[in-house]
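So the structure is just underneath, and the comments pick up after that.
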Amino acid sequence: MLLKVYAATVLKHSATVKKLCRLYSSCVKMSLEQAKQVAAYRAVDEFVTNDCIFGVGSGSTVVYAVQRLAERVETENLKVTCVPTSFQAKQLIVKHNLTLGELDTSPVIDVTIDGADEVDSNMTLIKGGGGCLLQEKIVASCSKKLIVIADYTKDSVKLGDRYKKGIPIEVVPLAYVPIQKKIEALYGGEVKLRKAVAKAGPVVTDNGNFILDWLFTNQDLDWDKVSNVIKMIPGVVETGLFVRMCHKAYFGQPEGNVVERQ
Ligand SMILES: O=C[C@H](O)[C@H](O)[C@H](O)COP(=O)(O)O
């Protein structure tokens, strides 16, 4: 009998603990979403002007930037041409009835607003957590300014302090194994083929390539040099290291304010 009462009490308490955990994680999620939104709105309000050519980044934070852009285009009657950095970005532009541009007709972009997986104290970025780094880097390289929008968890001192999934590298499928081995031999760590979640097999990018995630161990590398060396390996298309490209970063905070860094 005593044992039964004990078991019932334990079960009751563990249900309460589970409920509290769920409540806590939904609060954290809410504050992250709010942080992404305030950063995105601030950047769009500061950098988008009438008649501008605007590069639309990829990822979950950019969704808020496009929302804000659509509001401003509507209420202020702005003329903005939007150049996408991915399939997702193109869908967002179309969904919000914005003007879709392309690099063929708009090779010089006034400002690109994009997310990041991590931003270090030198404003070096890790990008490609969502698999979109190649078109993002092309568009960023054609932009007068690259502005990063992110929540507070992306703001770090050294790459790898906060983002633990490694540096994404886009590669031609037939070369992925030799590239893995070459990067491991050059710099150590572990290079993993990114697997799809709702599909058996690898992630295939918007450009038909694979993504390798390099779990590096040395945080003190010269990232500019590393990116260039990796890019020279035959079969590597692009790295998710964005060095000296970011003009300014906006980090949304849990309290609803925004920290700016440049
Ligand atoms: O491949 C994805 C892009 O580089 C994203 O901009 C980056 O992963 C950040 O995405 P999010 O805003 O969802 O954190």
Side-chain angles (χ1 to χ4, degrees), residues 28-44 54-69 82-93 109 111-120 123-141 143 145-156 159-171 192-197 202-214 223 227 237-243 245-254 258:
V28 170
K29 212 168 164 193
M30 255 174 58
S31 87
L32 272 182
E33 289 308 310
Q34 195 200 1
K36 289 177 190 191
Q37 184 179 17
V38 288
Y41 275 42
R42 174 77 68 84
V44 170
F54 178 63
V56 179
S58 313
S60 56
T61 316
V62 164
V63 172
Y64 294 110
V66 179
Q67 260 173 23
R68 181 62 182 153
L69 176 68
C82 298
V83 178
T85 58
S86 62
F87 183 83
Q88 179 222 4
K90 187 176 173 183
Q91 280 188 316
L92 283 172
I93 295 165
I109 294 167
V111 62
T112 291
I113 295 183
D114 204 345
D117 300 302
E118 191 167 27
V119 185
D120 78 4
M123 303 289 272
T124 297
L125 315 176
I126 293 183
K127 288 184 55 54
C132 299
L133 61 113
L134 174 60
Q135 293 182 40
E136 287 181 342
K137 202 180 263 188
I138 295 170
V139 170
S141 75
S143 305
K145 284 177 183 161
L146 169 64
I147 307 300
V148 161
I149 49 175
D151 63 72
Y152 53 95
T153 65
K154 314 290 183 68
D155 187 358
S156 80
L159 294 187
D161 278 351
R162 308 199 74 169
Y163 187 65
K164 304 293 181 191
K165 295 181 182 167
I167 295 171
I169 298 161
E170 184 157 346
V171 302
K192 286 184 166 176
L193 177 65
R194 193 182 296 180
K195 300 278 174 53
V197 178
V203 165
V204 178
T205 69
D206 289 352
N207 321 289
N209 296 314
F210 288 174
I211 297 278
L212 299 177
D213 288 300
W214 171 32
W223 296 116
S227 184
V237 181
E238 192 49 88
T239 81
L241 285 164
F242 285 48
V243 188
M245 294 187 93
C246 175
H247 176 82
K248 190 170 183 181
Y250 292 86
F251 300 100
Q253 303 299 306
V258 178

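Below, all heavy atoms of this structure are taken into account, side chains as well, without hydrogens, waters or symmetry copies. Because the structure is a prediction, the values reported are computed rather than measured. Every number for a ligand or one of its atoms is a count from 1 in the order of the listing.
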Return a yes/no value for Gly59: is any of its N or O atoms, backbone included, closer than 3.5 angstrom to an N or O of ligand 1? no

Minimum heavy-atom distance Gly240-Ile167, with the two atoms named: N-CG2, 4.3 Å

Once you restrict to heavy atoms under 4.0 Å, what part of Pro168 touches ligand 1? Side chain, backbone, both or neither. neither

Looking only at protein heavy atoms, which one is nearest to atom 12 (O) of ligand 1, and what is the separation? Thr61 OG1, 2.6 Å

Are Asp114 and Lys127 within salt-bridge range, i.e. N to O under 4.0 Å? yes

Lys192 vs Asp213, test: salt bridge (Lys or Arg N to Asp or Glu O under 4.0 Å). Steps then yes/no. CA-CA 5 Å; Lys192 286 184 166 176; Asp213 288 300; over 6 Å; no

Nearest-neighbour protein heavy atom for atom 13 (O) of ligand 1, which is reported as residue plus atom name and distance: Ser60 OG, 2.5 Å

Taking only non-hydrogen atoms of Lys127 and a 4.0 Å limit, the atoms of ligand 1 in range are 3 (C), 4 (O), 5 (C), 6 (O)

Identity and distance of the protein heavy atom lying nearest atom 5 (C) of ligand 1: Ser58 O, 3.2 Å

Measure Val62 to ligand 1 on non-hydrogen atoms and call it side chain, backbone, both or neither using the 4.0 Å cut-off. neither

Identity of the nearest option to atom 8 (O) of ligand 1, non-hydrogen atoms only, from Thr153, Ile211, Asp117: Asp117

Taking all heavy atoms of Met123 and all of Ala249, pick out the closest pair and write down the distance. CE-N, 3.7 Å

Strictly by modelled atom types, are Lys165 and Tyr163 linked by a side-chain donor-acceptor pair under 3.5 Å? no

Any side-chain heavy-atom pair of Leu125 and Val148 under 4.5 Å: yes

Restricting to non-hydrogen atoms, name the atom on Val44 and the atom on Ala65 that form the minimum distance, rounded to 0.1 Å. CG2-O, 3.5 Å

At what distance is the nearest protein heavy atom to atom 3 (C) of ligand 1, and which residue and atom is it? Glu136 OE2, 3.0 Å

Quick one: which ligand 1 atoms are inside 4.0 Å of a heavy atom on Asp114? 6 (O)

What residue and heavy atom of the protein are closest to atom 2 (C) of ligand 1, and at what distance? Gly130 N, 3.2 Å

Contact between Gly57 and ligand 1, counting heavy atoms under 4.0 Å? no

Kindly give the heavy-atom pair with the smallest separation between Thr85 and Ser58, and that separation in Å. OG1-OG, 2.7 Å

Within 45° of the six-membered ring axis of Phe242 and under 6.0 Å from that ring's centre, is NZ or CZ of Lys137 located there? yes

Considering heavy atoms of the protein only, find what lies nearest to atom 14 (O) of ligand 1 and give residue, atom and distance to 0.1 Å. Lys154 NZ, 2.6 Å

Below 3.5 Å, N or O to N or O, backbone or side chain included: is there any such pair between Leu133 and ligand 1? no

